[in-house]
Peer 1: 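Sharing a structure, written as structure tokens. Questions coming.
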2 protein chains.
Amino acid sequence: MDGMIDGDGLNELAPGGYYLALRVGFAFPMLEVNALPEPWVEHYTRHRFMLSDPVIRWVYGNTGATRWSGITLDDPLRILSCARTFGLRYGVAVSHFDSADAALRSFGSFVRADREYTDDELHALTTLVRNRHVAAKPPDTLTEAELEALDMVRQGLRLKQIAHAVGVTEGAIKQRLKNAKGKLNAQTSAQAAALASKFGLI
Amino acid sequence: MDGMIDGDGLNELAPGGYYLALRVGFAFPMLEVNALPEPWVEHYTRHRFMLSDPVIRWVYGNTGATRWSGITLDDPLRILSCARTFGLRYGVAVSHFDSADAALRSFGSFVRADREYTDDELHALTTLVRNRHVAAKPPDTLTEAELEALDMVRQGLRLKQIAHAVGVTEGAIKQRLKNAKGKLNAQTSAQAAALASKFGLI
DNA sequence: AATGGATTCACCATAAAGGAGAGTCCCTAT
DNA sequence: ATAGGGACTCTCCTTTATGGTGAATCCATT
């Protein structure tokens, strides 16, 4: 339903579930993918584990990859052992930090129940997070006029209304939307507006 | 540009800026509004203050409202005094927890530079966060068929393609989208899809 | 001065979206 | 049982969006 494809073996690398937070800025990520088991998500949410979670604290304080078992931060709420009771036994945390790119971070947590992760898998997951981080980068080539038109489409205005509000002809708005669709690789204005919104461009 | 209106006096209550995270679930909110001063946002982001920020830790551990000056949690990175150097002098933290509503929390941080907040203002901000929390609640009356159609609109499919993929007539898809627009109070399918996406419905 | 890019606009044909109305199916409350 | 209500379906018609083509303008770079 989501249209997300698994071209990078994520389902095989994390058969027990995973969590991805891509392009975290001030506090929260532009894109969040939560494929952890629902019971654990429910329990984690209800107990507000995030700020105490050693995995979260590790990815905020480090760059690279580590097995959960290699995290030496204290765990007063015993969140990691609690996770095991939900079947989340072996895990890897990956943190990617791209200082050149607006200080945006991406991180992921990956789980399997059968055995500890290998060094190769750690490396593969590091690469995966980096690739997803790059893939989630929004295009920066859209002009102000194009973004303005997209934003008004998102708000439910018609081309005629947009043209009148902006003070140009309807043809100009069409052209702006057409350009925007091309740059966002979108088939329709609705998709382009949704993409621009998801990317935080509007 | 965003269409957000200030019908609740937020600009007067927080002349120095504010931050709102509405309907926080597993880790991240459905809606984030960051109206803090840009230099502070930049500094805060680059230093990854969030997990250490006593204000964030307070809202995650409490319900209600407090002045920043009344937060007794330790502040090893001296984030609050650092904030003062950016002009964020007096602040209020509000945390709203609605256990009856899927364990979703909302919180906000509000700033003014001229004087400490009054009790009345604390109360007003508490009400404001609760109202915003409720207002951000997505409608739950959309049917599966309607959400399916909206999701395919968001992905850039045409009505004809949607109808063919789903196995119904184009007219049926139009009706589903019409119903969805009514329920979401949207003028166009593009707006409806963007709204449903923002609400996390699709 | 020339090149290229971005923007703006017009015109036309076609495709898609939107609106009104009515019928069917199914579940529920009277 | 039966009268609603909601979801779903469909048709007919109107309005709107999209795609293609061409062209003029403005601007920064070469």
Side-chain angles (χ1 to χ4, degrees), chain A residues 1-3 102 137-202, chain B residues 1-3 102 137-202:
Chain A
M1 183 82 85
D2 185 60
K137 178 177 182 175
D140 56 358
T141 58
L142 278 83
T143 67
E144 279 302 313
E146 288 157 1
L147 291 174
E148 180 186 44
L150 281 179
D151 193 45
M152 296 177 93
V153 167
R154 184 184 61 80
Q155 291 175 36
L157 277 72
R158 310 285 175 162
L159 298 197
K160 190 175 297 183
Q161 296 175 296
I162 299 174
H164 181 259
V166 176
V168 299
T169 67
E170 198 176 327
I173 299 299
K174 287 181 187 178
Q175 187 62 41
R176 293 176 186 182
L177 290 175
K178 186 180 177 180
N179 290 341
K181 279 181 283 186
K183 291 177 183 176
L184 290 164
N185 200 23
Q187 308 305 311
T188 63
S189 293
Q191 184 187 12
L195 277 173
S197 178
K198 194 184 77 170
F199 282 140
L201 298 174
I202 58 178
Chain B
M1 183 82 82
D2 186 59
K137 178 176 183 176
D140 55 359
T141 57
L142 279 83
T143 66
E144 280 302 313
E146 287 157 1
L147 291 174
E148 179 186 44
L150 282 178
D151 193 44
M152 297 177 92
V153 167
R154 184 185 62 80
Q155 291 174 35
L157 277 72
R158 311 281 174 170
L159 298 197
K160 189 175 296 184
Q161 296 174 295
I162 298 175
H164 181 259
V166 175
V168 299
T169 66
E170 198 176 325
I173 299 300
K174 287 182 185 179
Q175 185 60 39
R176 292 177 186 182
L177 290 174
K178 184 180 176 181
N179 289 341
K181 280 180 284 186
K183 291 176 183 177
L184 290 164
N185 200 23
Q187 307 305 310
T188 63
S189 293
Q191 184 186 12
L195 278 173
S197 178
K198 194 185 77 171
F199 282 141
L201 299 173
I202 57 178

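Every chain is numbered from 1 and lettered A, B, ... according to where its sequence line falls, protein lines coming before strand lines. The structure presented is a predicted model; accordingly, all values stated were derived computationally and were not measured.
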Peer 1: Rounded to the nearest angstrom, tell me the gap between atom CG in A:L159 and atom P in C:dA16.
Peer 2: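 After rounding, the gap between these two atoms is 16 Å.
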Peer 1: Side-chain contact test, heavy atoms from C-beta onward, threshold under 4.5 Å: evaluate it for B:L150 versus B:L142 and give yes or no.
Peer 2: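 In contact.
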Peer 1: Expressed as a whole number of angstroms, how long is the span from A:I162:CD1 to C:dT8:P?
Peer 2: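 The answer, rounded to whole Å, is 14 Å.
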Peer 1: Check whether any side-chain heavy atom of B:I162 lies under 4.5 Å from a side-chain heavy atom of B:R176, and answer yes or no.
Peer 2: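 Not touching, per the 4.5 Å side-chain cut-off.
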Peer 1: So which atom in B:L195 and which in B:A186 form the shortest heavy-atom distance, rounded to 0.1 Å?
Peer 2: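 Heavy atoms only, the tightest pair is CD1-CB, 4.2 Å.
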Peer 1: Can you give the dot-bracket line for DNA chain D, using ( ) for pairs inside the strand, [ ] for pairs that cross earlier ones, | for pairs with another strand and . for unpaired bases, where Watson-Crick and G-U count if both distances are under 3.5 Å?
Peer 2: ||||||||||||||||||||||||||||||
Peer 1: Counting distance only, does the side-chain N/O of B:E170 pair as donor-acceptor with the main-chain N or O of B:L159 below 3.5 Å?
Peer 2: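 Side chain of B:E170 to backbone of B:L159: no pair is present.
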Peer 1: Measuring only between side-chain heavy atoms, which start at C-beta, is A:R158 closer than 4.5 Å to B:T188?
Peer 2: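 Yes; the side chains approach each other to less than 4.5 Å.
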Peer 1: Within residues 176-195 of chain A, which residues have any heavy atom lying less than 4.0 Å from an atom of DNA chain C?
Peer 2: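 The answer is A:R176.
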Peer 1: Is a side-chain N or O of B:Q191 found less than 3.5 angstrom from the main chain of B:Q187, in a donor-acceptor match?
Peer 2: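 Yes, because the side chain of B:Q191 sits within donor-acceptor range (under 3.5 Å) of the backbone of B:Q187.
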Peer 1: Could you tell me whether the side chain of A:V166 reaches within less than 4.5 Å of the side chain of A:M152, counting heavy atoms only?
Peer 2: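 They are in side-chain contact.
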Peer 1: Of A:K178, A:K183, A:Q175, A:K181, which is the lone residue that meets side-chain hydrogen bond (donor to acceptor under 3.5 Å, both in side chains) with A:E146?
Peer 2: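 Looking at A:K178, A:K183, A:Q175, A:K181, the match for A:E146 under the side-chain hydrogen bond (donor to acceptor under 3.5 Å, both in side chains) is A:K183.
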Peer 1: Which whole-number value in Å describes the distance from B:Q161 CD to D:dT18 C1'?
Peer 2: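 Checked: the CD to C1' distance equals 14 Å.
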Peer 1: What are the two closest non-hydrogen atoms of A:V153 and A:S189, and how far apart are they?
Peer 2: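 Reported closest heavy-atom pair: CG1-O, 4.1 Å.
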Peer 1: Specify the separation, in whole Å, of atom CE of B:M152 and atom C1' of C:dA16.
Peer 2: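 Going from CE in B:M152 over to C1' in C:dA16 covers 16 Å.
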Peer 1: Round to the nearest Å and state the distance from B:R158 atom CZ to D:dT16 atom C1'.
Peer 2: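 So the two atoms are 13 Å apart, to the nearest Å.
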Peer 1: Can you tell me the distance, in whole Å, between the NZ atom of A:K160 and the P atom of C:dC9?
Peer 2: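 Atom NZ in A:K160 sits about 16 Å away from atom P in C:dC9.
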Peer 1: I'd like to know if the side chain of B:R154 and the backbone of B:A192 have a donor-acceptor N/O pair within less than 3.5 Å.
Peer 2: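 Not a single qualifying donor-acceptor pair exists.
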Peer 1: If you compare all heavy atoms of B:L201 against all heavy atoms of B:P138, which two are closest, and at what distance to 0.1 Å?
Peer 2: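 B:L201 and B:P138 have their closest heavy atoms at CD2-CB, 4.1 Å.
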Peer 1: Could you identify which residues of residues 165-175 of chain A place a heavy atom less than 4.0 Å from some atom of DNA chain C, listed by residue number, or say none?
Peer 2: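 Those residues are A:V168, A:T169, A:A172, A:Q175.
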